[in-house]
Peer 1: 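So that we are looking at the same thing, I have put the structure below in structure tokens.
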Amino acid sequence: MAIECPLFTVEGSSQQWIKTFNRYYPHLSVKDWQDIDHPEAVEYAIVWQPDARLFSTFPNLKALFNMGAGVDGILDHPQLPDDVHIVRLENAGMAEQMNEYFAYHVMHFHRHMDHYQQQQSQAKWRVLAGTQAKDFRVGILGLGQLGSSVASCLRSFGYQMSGWSRSCKSIEGVKCYTGADQLGSFLQHVDALCCLLPLTDNTRDILNKDNMLLLPKGAIVINAARGGHLVEQDLVDLLNQGHLRGAVLDTVRTEPLPLDNPLWHQKGLILTPHCAAQSWIEPSVKQIGRSIDAMLAGQKPAGLVERERGY
Ligand code: NAP
Ligand code: GLV
């Protein structure tokens, strides 16, 4: 029997998603949330950053299927009922994109592209001393679906890799640190800090002055997780004081970044518009469809969020 599944995004542009769902999973009858015939019968919704209208329109939700990896935008919602399950995307093509994003930016700094760009602007032709990849230390905050992939990818280029997570990990060629107690020793040995943590009560503001001062002088910070991980003024101060050599931000606290925000013009900072890893439609639809089918069959779907831990 076909069930109705609303697809809810505030941004629109969801027609291609709906078409793809109906090609692979016609029994789910995925529709734009405003076209649902029987809202009171809806138990499962497919969402990205839903607002209050989702919860007022569909009072009997049992599970939300997130069209991305990070679920902070759902968990922070004041109207989210306590008993609703949340299922997120796991990789679905994002790990490969994160590998590219971090490899590109780590190499930008490791290979002195920031300095060479500056030299070019001064018509200066001078070779700078290089560092072997094995002596360039890259640390990943968060060793989950995306962070562990980036760690292994950068390891394949020969970088000296380390990572930090909540539970203990074993990843070939990556020195793993665990828990709040080991954060300090992790940070002290990192030249390029890459953030791929989920945004939770325990990770909010983790990129603050105290922690970033533990990085060696001249380190760089790359955040492609959430803007809420970074205290932006602290980053600006440490860049201006020369403690940090550079930074890359794919996410900021207010998105889109307001026109009058000084980050647009901050020296040493590269900004990208939350594009490090997108949810490709085909693999995302297939994963969400499989998860809905698993729940319909009374099974636990992959990517089920543990609400009490926040990710
Ligand atoms: P994930 O699989 O849930 O991995 C999260 C990692 O963070 C895990 O290793 C986890 O430790 C660790 N962690 C969580 N809380 C921690 C804490 N308090 N202390 C230490 N480690 C902690 O998540 P993912 O799929 O890799 O995604 C990570 C984040 O990337 C998402 O939440 C999202 O915000 C962001 N993202 C951004 C973009 C973009 O385009 N910019 C795209 C996709 C995702 P354990 O392994 O021990 O659980
Ligand atoms: C994007 O930011 C995601 O969380 O998938």
Side-chain angles (χ1 to χ4, degrees), residues 9 11 17 46-50 64-76 86-102 104-105 139-153 161-171 174 176-187 193-208 211 222-230 248-253 255-257 270-281 283-284 287-288 302-311:
T9 65
E11 284 168 3
W17 282 78
I46 301 154
V47 301
W48 180 246
Q49 297 180 333
L64 300 181
F65 296 83
N66 191 38
M67 294 158 73
V71 290
D72 45 293
I74 301 177
L75 289 175
D76 290 349
I86 296 163
V87 181
R88 72 187 191 91
L89 285 183
E90 286 190 327
N91 182 349
M94 285 186 264
E96 187 179 85
Q97 296 172 74
M98 282 299 183
N99 293 349
E100 295 159 358
Y101 187 88
F102 280 94
Y104 179 91
H105 287 109
I140 317 282
L141 287 167
L143 291 170
Q145 293 286 327
L146 305 180
S148 62
S149 170
V150 171
S152 298
C153 170
M161 297 305 303
S162 61
W164 181 74
S165 54
R166 207 173 59 110
S167 61
C168 187
K169 302 279 178 222
S170 164
I171 305 173
V174 181
C176 293
Y177 294 81
T178 309
D181 291 351
Q182 293 185 11
L183 179 61
S185 22
F186 164 73
L187 292 170
L193 180 67
C194 306
C195 181
L196 275 170
L197 288 165
L199 186 63
T200 69
D201 290 345
N202 292 318
T203 65
R204 194 176 307 279
D205 295 338
I206 192 165
L207 298 173
N208 57 41
N211 283 337
I222 308 175
N223 184 21
R226 287 290 184 265
H229 287 120
L230 175 71
V248 181
L249 301 182
D250 185 53
T251 52
V252 287
R253 286 185 107 95
E255 295 182 7
L257 186 66
I270 296 171
L271 282 171
T272 55
H274 200 143
C275 60
Q278 299 170 30
S279 300
W280 300 137
I281 296 180
S284 305
Q287 193 175 112
I288 292 172
L304 185 64
V305 169
E306 289 182 35
R307 286 188 57 167
E308 59 294 345
R309 75 175 186 180
Y311 68 101

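All ligand and atom numbering here is 1-based and tracks the order in the structure.
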Peer 1: Before signing off on this row, confirm whether Met98 and ligand 1 have an N or O atom pair separated by under 3.5 Å.
Peer 2: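 The answer is no, given that Met98 and ligand 1 share no N or O pair closer than 3.5 Å.
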
Peer 1: Is any N or O atom of Arg226, backbone or side chain, closer than 3.5 Å to an N or O atom of ligand 1?
Peer 2: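 Between Arg226 and ligand 1 (N or O atoms, distance only) the closest approach is under 3.5 Å.
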
Peer 1: Looking only at protein heavy atoms, identify the closest one to atom 46 (O) of ligand 1 and say how far it is in Å.
Peer 2: Lys169 NZ, 2.6 Å

Peer 1: Checking Asp250 now: which residues fulfil salt bridge (Lys or Arg N to Asp or Glu O under 4.0 Å) with it, not counting sequence neighbours?
Peer 2: none

Peer 1: What protein heavy atom sits nearest atom 48 (O) of ligand 1, and how far away is it?
Peer 2: Tyr311 OH, 2.5 Å

Peer 1: With respect to Ala69, determine whether any N or O atom, backbone or side chain, lies less than 3.5 Å from an N or O atom of ligand 1.
Peer 2: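 No.
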
Peer 1: What do you reckon, does Asp72 have a nitrogen or oxygen under 3.5 Å from a nitrogen or oxygen of ligand 1?
Peer 2: no

Peer 1: Would you check whether Thr203 has a nitrogen or oxygen atom less than 3.5 angstrom from a nitrogen or oxygen atom of ligand 1?
Peer 2: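 Between Thr203 and ligand 1 (N or O atoms, distance only) the closest approach is not under 3.5 Å.
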
Peer 1: Just distances here: any N/O of Gly144 and N/O of ligand 1 closer than 3.5 Å?
Peer 2: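 Among all N and O atoms of Gly144, at least one is under 3.5 Å from an N or O of ligand 1.
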
Peer 1: Does any N or O of ligand 1 fall below 3.5 Å from an N or O anywhere on Thr200, backbone included?
Peer 2: no

Peer 1: For Trp17 and Ile281, work out which heavy atoms get closest and say how close.
Peer 2: NE1-CG1, 3.6 Å

Peer 1: For ligand 2, list every N/O pair with the protein closer than 3.5 Å, one pair per line with the distance.
Peer 2:
from	atom 1	to	atom 2	distance (Å)
ligand 2	2 (O)	Arg226	NH1	2.9
ligand 2	2 (O)	Arg226	NH2	3.4
ligand 2	2 (O)	His274	NE2	2.6
ligand 2	4 (O)	Ala69	N	3.4
ligand 2	4 (O)	Gly70	N	2.7
ligand 2	4 (O)	Arg226	NH2	2.7
ligand 2	5 (O)	Ala69	N	2.7

Peer 1: Would you please name every residue forming a ring-ring contact (aromatic ring centres under 6.0 Å, His included) with Phe65, sequence neighbours left out?
Peer 2: Tyr44

Peer 1: Among Ser165, Pro198, Cys275, Ala225, which residue places a heavy atom closest to atom 7 (O) of ligand 1?
Peer 2: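 Looking at heavy atoms only, the winner is Pro198.
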
Peer 1: Would you please test Asn211 and Leu183 for side-chain contact (heavy atoms from CB on, under 4.5 Å) and show each step?
Peer 2: CA-CA 9 Å; Asn211 283 337; Leu183 179 61; 3.8 Å; yes

Peer 1: Given side chains that start at C-beta, do those of Gln287 and Glu90 come closer than 4.5 Å, heavy atoms only?
Peer 2: yes

Peer 1: Are any of the N/O atoms in Leu146 less than 3.5 Å from those in ligand 1?
Peer 2: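 So ligand 1 has an N or O lying under 3.5 Å from an N or O of Leu146.
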
Peer 1: Examine Met94 against ligand 1 and note whether any of their N/O atoms are separated by less than 3.5 Å.
Peer 2: no

Peer 1: State which residues pass side chain to side chain contact (heavy atoms under 4.5 Å, CB included) with Asp205; sequence neighbours excluded, sorted by chain then number.
Peer 2: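 Asp205 satisfies side chain to side chain contact (heavy atoms under 4.5 Å, CB included) with Val231, Arg253 only.
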
Peer 1: Would you check whether Thr251 has a nitrogen or oxygen atom less than 3.5 angstrom from a nitrogen or oxygen atom of ligand 1?
Peer 2: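 In fact, backbone or side chain, Thr251 has no N or O that close.
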
